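So the structure is just underneath, and the comments pick up after that.
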Amino acid sequence: MADKISDPKQSKGKQTVTLTDNSTGKTCELPIMQGTAGPRVVDVRRLYAETGFFTYDPGFTSTGSCDSAITYIDGDEGILMHRGYAIEDLAGKSSFMEVCYLLLHGELPTKKQRSEFERTITYHTMLHEQMLNLYRGFRRDSHPMAIMVGVVGALSAFYHDSTDISDPHQRMVASHRMIAKMPTIAAMAYKYSVGQPFVYPRNDLNYAENFLYMTFAVPCEEFKVRPAVARAMDRIFILHADHEQNASTSTVRIAGSSGANPFACIAAGIASLWGPAHGGANEAVLQMLHEIGSKDKIPEFLARAKDRNDPFRLMGFGHRVYKNYDPRAAVLRESCHEVLEDLGVRDDPLLDLAMELERIALEDPYFVEKKLFPNVDFYSGIILQAMGFPTSMFTVLFALARTVGWVAQWQEMIEDPHHRISRPRQLYTGLDKRPFVPISNRG
Ligand code: SDX
């Protein structure tokens with residue numbers, strides 16, 4: 001990892017690159033910036049003004065959209081850190097509430113700070129009672145993610161007192177509200193889909209316990225949260241909390257760059273996360289495993305995944321950044337065994353199938369050559385299904401956990417005095433100017 005330098009955004013000395021337009025011989029010298037770790041960047045902010053050129057990078061495979069101090073990923077080494085702490089340490093030794101505090105404030109909380117933060121979140125878990133009416137506007141068979149997009153976006157209609165993004169206090173209140181209310185909104189989306197009454201949050205339960213209680217308790221009998229399941233839920237939230245500038249986080253940042261209110265920005269992030277190439281992959285993994293059905297079918301599906309003419313992809317494999325094992329998948333695979341054991345599930349055919357699929361895929365030259373490893377979504381669905389969640393709730397849980405990452409990244413952007421509206425350009429490939437043709441002459 002690069003040596004730490006005093007001001008991460010300033011390169012050591014004056015490092016530059018020079019671009020030469022070979023058709024004119026004109027050159028342009030651009031500064032190089034070096035962060036605390038990771039690849040150096042070429043600062044192209046002056047490129048268009050000085051050369052008339054745009055850069056071109058659809059999908060942003062080689063583009064840094066911002067500088068951030070929240071999360072660092074080294075895809076080659078399989079490293080994920082939040083504010084400098086390795087994900088393995090956070091997942092194994094911390095709690096989701098501590099990680100939320102860390103992402104928002106940059107440091108792990110002291111005991112006093114942690115209890116104050118937990119109390120703040122606890123006392124924001126209830127929803128405005130009138131919001132419950134929104135659920136009744138949806139069909140019972142609506143996908144819960146459709147409900148999440150709608151209800152989270154509607155928060156801005158109920159919490160006007162935390163939508164002034166120029167006020168740091170209101171920004172933090174909005175962030176606390178979203179972290180606190182997402183479990184309530186998510187649990188209610190589930191209850192609505194199964195026709196059961198909503199269960200209100202309880203202030204005597206911790207974050208993960210409360211979510212499990214609101215999701216699975218019914219008024220007719222006492223509900224006891226299994227400690228091992230609550231611990232696994234908390235760990236799953238930690239593993240999904242933030243992940244640098246992924247598609248949904250970039251969506252939140254772009255939406256926020258226009259000055260949109262925080263609730264609308266998070267609703268945009270939820271919409272982006274829903275895609276099967278992103279957060280929707282955990283649901284797609286379970287559907288794929290059910291489609292494969294048995295180990296003897298694995299070669300057939302691997303062949304389809306390798307066939308460029310077949311749109312089928314091995315869901316839960318591959319990653320834009322990780323070209324090594326996703327460290328989150330490793331932790332989740334361990335959690336799988338713990339949860340299934342606690343639930344008395346001796347041999348889960350889906351887990352057996354998933355592990356055999358992983359074993360075969362990781363020996364297959366196609367996957368080895370393209371560095372396609374299991375990602376965070378490969379194992380999460382198996383645990384969530386064992387916990388009793390329907391596949392339609394898997395991405396909802398991802399959105400619940402990622403909310404803290406979204407709001408932390410959104411705050412970081414708003415607090416940057418140099419932030420501007422995000423407005424990329426393009427390479428125009430359409431028709432050149434042509435005369436208008438009146439309809440009488442259009443044949
Ligand atoms: C998440 O960005 C993040 O950080 C996201 C995330 C987070 O925490 O926010 O980590 C969460 O979204 C994890 C990813 C979940 N998605 C899936 O599991 C869906 C399956 N994976 C693929 O769709 C794909 O791997 C992506 C979308 C994840 C990455 O796509 P890229 O980086 O654009 O890579 P690519 O599609 O260009 O693939 C490169 C090559 C291609 O082959 P060639 O065209 O070069 O011949 O690898 C092949 C692809 O066909 N490939 C796969 C594959 N993934 C890539 N082939 C078969 N199965 C796959 N899963």
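All figures in this text were calculated on a predicted structure; none of them were measured in a lab. Hydrogens, waters and symmetry mates play no part in the numbers below; they use all other heavy atoms, side chains included. Read the numbers this way: they start at 1 and go in the same order the structure lists the ligands and their atoms.
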Is the shortest N/O to N/O distance between [X] and ligand 1 below 3.5 Å?
{"X": "F317", "answer": "yes"}
{"X": "H278", "answer": "yes"}
{"X": "F367", "answer": "no"}
{"X": "A277", "answer": "yes"}
{"X": "L314", "answer": "yes"}

[atom]: the protein heavy-atom neighbour that sits closest, reported with distance to 0.1 Å:
{"atom": "atom 28 (C) of ligand 1", "value": "G318 O, 3.7 Å"}
{"atom": "atom 57 (C) of ligand 1", "value": "A305 O, 3.6 Å"}
{"atom": "atom 13 (C) of ligand 1", "value": "D377 OD2, 3.3 Å"}
{"atom": "atom 19 (C) of ligand 1", "value": "M315 CE, 3.5 Å"}
{"atom": "atom 4 (O) of ligand 1", "value": "H243 ND1, 2.6 Å"}
{"atom": "atom 56 (N) of ligand 1", "value": "Y366 OH, 3.3 Å"}

Could you tell me if [Y] and [X] have a donor-acceptor pair between their side chains, going purely by distance under 3.5 Å?
{"X": "D242", "Y": "Q409", "answer": "yes"}
{"X": "N282", "Y": "T395", "answer": "yes"}
{"X": "S68", "Y": "E412", "answer": "yes"}

Between [Y] and [X], is the closest basic N to carboxylate O distance under 4.0 Å?
{"X": "E98", "Y": "R114", "value": "yes"}
{"X": "R235", "Y": "E338", "value": "yes"}
{"X": "R119", "Y": "E116", "value": "no"}
{"X": "D364", "Y": "K306", "value": "yes"}
{"X": "K93", "Y": "E88", "value": "no"}
{"X": "R304", "Y": "E300", "value": "no"}

In this structure, does ligand 1 have an atom that sits under 4.0 Å from one of the heavy atoms of [X]?
{"X": "R402", "result": "yes"}
{"X": "N375", "result": "yes"}
{"X": "Y322", "result": "no"}
{"X": "G59", "result": "no"}

Flag the pair F378 / F317 as yes when their ring centroid distance falls below 6.0 Å, and as no otherwise.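 Yes.
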Is the shortest heavy-atom distance from the side chain of W410 to the side chain of S175 under 4.5 Å? yes
Could you tell me whether the side chain of T249 reaches within less than 4.5 Å of the side chain of E244, counting heavy atoms only?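 E244 vs T249: side chains apart.
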For atom 55 (C) of ligand 1, which candidate among D310, T71, L302, L372 holds the nearest heavy atom?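 That would be L372.
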Min over K323, K370, R313 of heavy-atom distance to atom 35 (P) of ligand 1 lands on R313
Would you mind telling me if ligand 1 is within reach of the side chain of [X], the backbone, both or neither, using heavy atoms under 4.0 Å?
{"X": "F301", "value": "neither"}
{"X": "D326", "value": "neither"}
{"X": "H240", "value": "neither"}
{"X": "R308", "value": "side chain"}

Worked verdict on L80 versus Y322 for side-chain contact (heavy atoms from CB on, under 4.5 Å): CA-CA 10 Å; L80 168 57; Y322 288 122; 3.3 Å; yes
Against heavy atoms of [X], which atoms of ligand 1 measure under 4.0 Å?
{"X": "R320", "result": "29 (C), 31 (P), 32 (O), 33 (O)"}
{"X": "A281", "result": "15 (C), 16 (N), 17 (C), 18 (O)"}
{"X": "N246", "result": "2 (O), 3 (C), 4 (O), 5 (C), 9 (O)"}
{"X": "H319", "result": "2 (O), 3 (C), 4 (O), 5 (C), 6 (C), 10 (O), 13 (C), 25 (O), 28 (C)"}
{"X": "G316", "result": "17 (C), 18 (O)"}

Non-hydrogen protein atom less than 4.0 angstrom from [atom]:
{"atom": "atom 37 (O) of ligand 1", "answer": "no"}
{"atom": "atom 50 (O) of ligand 1", "answer": "yes"}
{"atom": "atom 6 (C) of ligand 1", "answer": "yes"}

Work out which heavy atom in M97 is nearest to a heavy atom in Y207; give both atom names and the distance.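 Shortest heavy-atom contact: CE-CD1, 3.3 Å.
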If you take all heavy atoms of I383 and L332, which pair is closest and at what distance?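 Heavy-atom minimum between the residues: CD1-O, 3.6 Å.
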Verify, without hydrogens or angle tests, whether R171 (side chain) and I165 (backbone) share a donor-acceptor contact under 3.5 angstrom.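 Side chain of R171 to backbone of I165, a donor-acceptor pair under 3.5 Å: yes, one is there.
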In terms of the angle between their ring planes, are F117 and H176 parallel, tilted or perpendicular, with boundaries placed at 30° and 60°? perpendicular
